[in-house]
**Student:** 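Quick one: the structure is below, and I'll ask about it shortly.
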Amino acid sequence: MGEERRQPKGAGAEHGRWPGWEGREPDPGGKPRRGIRRFVPGWRLVLGGFLGLAVLVCGGFVAGYLLVDIPAANAAATQQSNVYLYADGTQLASDGDVNRENISLSDLPKPVRRAVLAAEDRDFYTGSAVDPQAMIRGAWKTVTGKGKQSGSTITQQYVKNYYLDQDQTVTRKAKEFFIAIKLDRETSKDEILEGYLNTSYFGRNAYGIQAAAQAYYGIDASDLNTAQGAYLASLLNAPSAYDVIAQPANRSRAEARWNYVLDGMVKENWLTGAERARLSFPTPDQQHLPRGLSGQRGYLVQAVDEYLVANGVVTEAALAKGGHRITTTLVKKQQDALVEAVDDRLTSKLDKKKRKADRNVRAGGVALDPKSGKVLAMYGGVDYTQQYVNNATRRDYQVGSTFKPFVLTAALQHKARTQDGRTINPNARYDGTNKRRVQGWSGGPYEPENEDERDYGDITLKVATDRSVNAVYAQLAVDVGPQKVKDTAIALGLPKDTPDLQPYPSIALGTATASVLDMAEAYASLADHGRHRDHRLVQEISHLGEKLELPQDRTREAVSLRAADTTTSVLRSVVRGGTGMAAREAGRPAAGKTGTAEEDTAAWFAGYTPDLTTVVAVMGQDPESGSHTPLYGALGLPRINGGGPPAEIWAQFTRAALAGQPARDFDLEADTSAEDSPTASPSESGTASRSPGDPESDAPSEPGDGDTSPRDPGGDSPSAPGGDTGGPTDVPPGMEDDPGRNGDSPPPAGPLPEPAPPAPARDPRETTTIPVPPGPETPGPS
């Protein structure tokens, strides 16, 4: 083996070759190498292999392009929240599992768009949909442990967000590659960028740049400045790492990324050096949580959704899919004022550990602009996440004597007469004897009970309204005709299908179970001189940027101006000296009526000023069984009546809601008998033995006045006592009693004077305008 091998002679020797020479090369010493070149392919083989690989790659590319279609968007990418706004555009609430609200690219400031391009894909508008070099570079960093990096363009990232999923697999990357190429050929760059901005995750549970602007800065994306836009663009790279509030230790990294974005904008001539120098790092706020459904928000969202569905604007299924931007009629200042009034006058006084009855107390309230029908504020309950039933829209509590003004209005509208042929007006006299049998009713004997079984004797209809005398109003309903009473209530605003709205004498005592919202709409018709408008809860709605049509504002005459204004005049007396005296704390001319449901399960106050109509109800409901319960003992009171907490809530809210607006008096065209004629003597009103200085000379002697709802032979049965009272209060300046004008004090003995001739006709509905209060001024509970 160690012997030197000599080159054999023979053929090929002259060429330096010998048998078995293949794969050997001489070493530096001239000795051939064995077996190396046998593994080195020839150039023909290399070329053929390269061409085959090229054909294979091209074929695979063509096959992939042809076989991979652009799929439908994944469900998560299209799901959005419905966003609800106050009337001034500030956010009220959002619902839905995904915190996203899509916006148009044109609504986003150009510097913010460019910040995103500087951060993610500076060649987006000029480059291709995919970047193979970046993909290889990203894959190399991933496999070498230098961190995950996708190396994807904006188009690829959008495809991943919108069409695919976040899995880091070869199959998903291959699909992403081909879909991106196809999408780039079939879709404009602006559409792709818009989709990318609406589907990207920015941290803080914010999907899309609109949700991110709200989550980090509490503003809309359209209001972002350049510095804020650059910070949000920085988050796209690592949302949790660059949130300087959640991760204060990472502030230097976040600022470095922010600077990188701005420097890129300067490099691309999207920002001048001078503009760049003036920018400072925009530290985000503490997290602005999505406006969910806690507190009042859930009740308001529920009411708005029901309004939209009931009026055929959208379907329940469409709302469930999200993507709606809904501007409501609600005014934040007034919404806050209503919540505060309920808390101050009711919920803050509850002691659920000390008093069992306090566990059952509920409240509902609605405020309307009588000139437009817009709902300005609504109170649905203590918290939607604790009690889902909206007390402002539920229809299962009797309205009690708040229904009586509809009976009076019906009598005036139809020029009704008593059983003995006398024309009915506020000075018409009735027998207020307790359990007096109603005359002229063919349905069987009906003997309604007055509150505390009090006898009032011969009194005027006006006094019967002040004292809420059941015996008088049951007879009045029969004199008018129960069907006409029902029709008038519906004309004023109660729904036709209101439960227990039946044409029996008991209709006058409030056996119907209308909602607080229903009653507010009906009372608003009285406030606007007999003109009715359907209530409005939404003033604008759009879906994915496209506006939807809302119901037209329909106005019609429900009752005559004179009938409505005469009723208003009588209801002013209820506030000035009747059961609703607590409402005088509002400090404005007001008209209203108290009411109590059968067995004191609910207490109401419905009232209005020339500028605002508000109805408040306090209800009793067992939190476990859901059954209606009496309010006896709640708040430590023997009973809760409409003249107590409901009227107090009404007064505090009205004062706050109208603060800054001049107090206006009513401009009425009332029957002169409602304003100028005397009403009743002390003996008639049941107060003859009281001294003028006794506060009870202006109010019932017991906490209650007859606002129960006894049933009649039309399927009703007698009720337990219940009623209203309004305690004496200091009369606000300018609100002193005026017996000559308002007829609140007893008349002298003798025959009634002849009514004065009617005033010249005029229509205050055409001359009086009531502006909607301005938008929110101060924060408050929501």
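No hydrogens, no waters, no symmetry mates; every other heavy atom, side chains included, goes into these values.
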**Student:** If the threshold is 4.0 Å, N to carboxylate O, is there a salt bridge linking Arg345 and Glu585?
**Tutor:**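 Looking at Glu585 together with Arg345, the answer is yes, because their closest N to O distance falls below 4.0 Å.
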
**Student:** If you define the side chain from C-beta out and look only at heavy atoms, does anything of Asp600 sit under 4.5 Å from Ile640?
**Tutor:**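 Side-chain contact under 4.5 Å: no.
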
**Student:** Checking side-chain polar atoms at under 3.5 Å, does Asn434 have a donor or acceptor matched by the opposite partner on Glu449?
**Tutor:**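 Checked: Asn434/Glu449 side chains show no N/O donor-acceptor pair below 3.5 Å.
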
**Student:** Under the criterion salt bridge (Lys or Arg N to Asp or Glu O under 4.0 Å), I'd like the reasoning laid out for Asp665 against Arg572: C-alpha separation, chi angles, the key distance, then a yes or no.
**Tutor:** CA-CA 11 Å; Asp665 203 350; Arg572 291 187 64 190; 3.4 Å; yes

**Student:** Please answer whether the main-chain N or O of Ala367 pairs with a side-chain N or O of Thr614 as donor and acceptor at a distance below 3.5 Å.
**Tutor:**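 No, because the side chain of Thr614 does not come within donor-acceptor range (under 3.5 Å) of the backbone of Ala367.
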
**Student:** Roughly how far apart are Ile459 CD1 and Asp466 CG, rounded to 0.5 Å?
**Tutor:**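 Interatomic distance, Ile459 CD1 to Asp466 CG, rounded to 0.5 Å: 9.0 Å.
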
**Student:** Is a side-chain donor or acceptor of Asp343 paired with a backbone partner of Thr347 at a separation under 3.5 angstrom?
**Tutor:**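 No, the answer is negative, given that no donor and acceptor are paired below the 3.5 Å cut-off.
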
**Student:** Between Thr568 and Tyr608, do the side chains contain an N or O donor and an N or O acceptor separated by less than 3.5 Å?
**Tutor:**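 There is such a pair between these side chains.
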
**Student:** Has the side chain of Gln413 got a donor or acceptor atom that lies under 3.5 Å from a matching backbone atom of Ser560?
**Tutor:**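 Here the side-chain-to-backbone pair exists.
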
**Student:** Check ring pair (Phe, Tyr, Trp, His ring centres under 6.0 Å) between Tyr397 and all other residues, then give those that pass, not counting sequence neighbours.
**Tutor:**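 Once residues adjacent in sequence are excluded, the partners of Tyr397 under the ring pair (Phe, Tyr, Trp, His ring centres under 6.0 Å) criterion are His628.
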
**Student:** Going through the distances and angles, do Gln621 and Ser627 end up as a side-chain contact (heavy atoms from CB on, under 4.5 Å)?
**Tutor:** CA-CA 6 Å; Gln621 182 177 17; Ser627 61; over 6 Å; no

**Student:** Can Asp611 and Arg664 be counted as an ion pair, charged N to O under 4.0 angstrom?
**Tutor:**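 Salt bridge present between Asp611 and Arg664.
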
**Student:** Which pair of non-hydrogen atoms, one from Gly365 and one from Ala392, has the smallest distance, and what is that distance?
**Tutor:**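 Reported closest heavy-atom pair: O-CB, 3.9 Å.
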
**Student:** For His532 and Thr555: C-alpha separation, side-chain torsions, deciding distance, then whether side-chain contact (heavy atoms from CB on, under 4.5 Å) applies.
**Tutor:** CA-CA 6 Å; His532 172 261; Thr555 304; over 6 Å; no

**Student:** Hey, does Val575 have a side-chain heavy atom less than 4.5 Å from the side chain of Met581?
**Tutor:**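 Counting from C-beta outward, Met581 and Val575 never come under 4.5 Å.
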
**Student:** With side-chain contact (heavy atoms from CB on, under 4.5 Å) as the test, would you mind laying out the steps for Leu631 and Val618 before giving the verdict?
**Tutor:** CA-CA 9 Å; Leu631 292 168; Val618 176; 4.2 Å; yes

**Student:** Could Arg556 and Asp534 be called an ion pair, given the rule that one side-chain N must be under 4.0 Å from one carboxylate O?
**Tutor:**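 Judged by the 4.0 Å cut-off on N to carboxylate O distance, Arg556 and Asp534 do not form a salt bridge.
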
**Student:** Look up atom CG in Asn425 and atom OG1 in Thr566, then write down how far apart they are to the nearest 0.5 Å.
**Tutor:**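 It is 9.0 Å, given to the nearest 0.5 Å.
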
**Student:** Rounded to the nearest 0.5 Å, how far apart are NE2 of His535 and CG of Asp369?
**Tutor:**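 Between atom NE2 of His535 and atom CG of Asp369 there are 14.0 Å.
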
**Student:** Is there a donor-acceptor pair under 3.5 Å between the side chain of Asn450 and the backbone N or O of Asp455?
**Tutor:**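 Such a contact is absent between Asn450 side chain and Asp455 backbone.
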
**Student:** Go through the structure and list residues passing side-chain hydrogen bond (donor to acceptor under 3.5 Å, both in side chains) with Thr433, not counting sequence neighbours.
**Tutor:**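 side-chain hydrogen bond (donor to acceptor under 3.5 Å, both in side chains) list for Thr433, sorted by chain: Asp431.
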
**Student:** Do you know the tightest heavy-atom contact between Ser468 and Lys593?
**Tutor:**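 Nearest pair, atom of Ser468 first, then Lys593: OG-NZ, 3.0 Å.
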
**Student:** Between Arg394 and Asp396, does at least one N-O distance fall below 4.0 Å, as a salt bridge requires?
**Tutor:**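 Yes.
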
**Student:** Is any side-chain N of the basic residue among Arg533 and Asp528 closer than 4.0 Å to the acidic one's carboxylate O?
**Tutor:**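 Yes, Arg533 and Asp528 are salt-bridged.
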
**Student:** Please check if the side chain of Thr498 supplies one atom and the backbone of Leu494 the other of a donor-acceptor pair under 3.5 Å.
**Tutor:**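 Checking the backbone N and O of Leu494 against the side chain of Thr498, no donor-acceptor pair under 3.5 Å is found.
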
**Student:** Is the side chain of Arg531 donor-acceptor paired with the backbone N or O of Ala524 at a distance under 3.5 Å, no angle test?
**Tutor:**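 Side chain of Arg531 to backbone of Ala524: no pair is present.
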
**Student:** Search all heavy atoms of Pro645 against all heavy atoms of Leu635 and return the closest pair with its distance.
**Tutor:**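 So the two residues come closest at CG-CD2, 4.3 Å.
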
**Student:** Can you tell me how far the CD atom of Gln475 sits from the CG atom of Asn470, to the nearest 0.5 Å?
**Tutor:**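 Rounded to the nearest 0.5 Å, the CD-CG separation comes to 13.0 Å.
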
**Student:** Do side-chain atoms of Gln334 reach the backbone of Leu376 as a donor and acceptor pair under 3.5 angstrom?
**Tutor:**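 Judged by distance alone, no pair lies under 3.5 Å.
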
**Student:** Identify, with sequence neighbours excluded, every residue that meets ring pair (Phe, Tyr, Trp, His ring centres under 6.0 Å) alongside Phe605.
**Tutor:**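 Listed in chain order: Trp650.
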
**Student:** For Lys496 versus Ile490, what's the shortest heavy-atom pair and its separation?
**Tutor:**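 Shortest heavy-atom contact: CG-CG2, 3.7 Å.
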
**Student:** Please report the interatomic distance OG1(Thr488) to NZ(Lys486), rounded to the nearest 0.5 Å.
**Tutor:**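 That separation rounds to 12.0 Å.
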
**Student:** Determine, stepwise, if the pair Leu637 / Tyr632 fulfils side-chain contact (heavy atoms from CB on, under 4.5 Å).
**Tutor:** CA-CA 7 Å; Leu637 302 173; Tyr632 303 134; over 6 Å; no

**Student:** Do Tyr523 and Phe406 have ring centres separated by under 6.0 Å?
**Tutor:**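 Centroid distance Tyr523-Phe406: below 6.0 Å, so yes.
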
**Student:** Quick one, Tyr430 and Ile424 - any side-chain contact, counting heavy atoms below 4.5 Å?
**Tutor:**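 Heavy-atom side-chain distance check passes, below 4.5 Å.
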
**Student:** How about Thr609 and Pro589: do any of their side-chain heavy atoms sit closer than 4.5 Å?
**Tutor:**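 In short, these two side chains do not touch, never coming nearer than 4.5 Å.
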
**Student:** Minimum heavy-atom separation for Pro370 to Pro610, with atom names?
**Tutor:**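 Nearest heavy atoms, Pro370 then Pro610: CG-O, 4.0 Å.
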
**Student:** Find out whether Ser401 and Thr594 are in side-chain contact, i.e. whether some heavy atom of one side chain is under 4.5 Å from a heavy atom of the other.
**Tutor:**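 Ser401 does not reach Thr594 side chain to side chain.
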
**Student:** Backbone N or O of Gly380 within a donor-acceptor pair of the Asn391 side chain at under 3.5 Å?
**Tutor:**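 Yes, Asn391 side chain to Gly380 backbone: donor-acceptor pair under 3.5 Å.
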
**Student:** Mind checking whether Met619 and Asn360 have side chains closer than 4.5 Å, heavy atoms only?
**Tutor:**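 When only atoms from C-beta onward are counted, Asn360 and Met619 do not touch, as no gap falls below 4.5 Å.
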
**Student:** Taking the side chain as C-beta and beyond, is there a heavy-atom pair between Trp604 and Val516 under 4.5 Å?
**Tutor:**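 Yes, side chains in contact.
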
**Student:** Under 3.5 Å, is there a donor-acceptor pair between the Thr465 and Lys404 side chains?
**Tutor:**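 Thr465 vs Lys404: no donor-acceptor pair found between side chains.
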
**Student:** Salt-bridged, Arg437 to Glu447, with N to O below 4.0 Å?
**Tutor:**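 Yes.
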
**Student:** Run the salt-bridge test on Lys356 and Asp358 with the 4.0 Å N-O cut-off and return the result as yes or no.
**Tutor:**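 No.
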
**Student:** Once you round to the nearest 0.5 Å, how far does CG of Leu526 lie from CG of Asp565?
**Tutor:**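 It comes to 9.5 Å.
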
**Student:** When you compare the side chain of Ser569 with that of Phe666, does any pair of heavy atoms fall below 4.5 Å?
**Tutor:**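 They are not in side-chain contact.
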
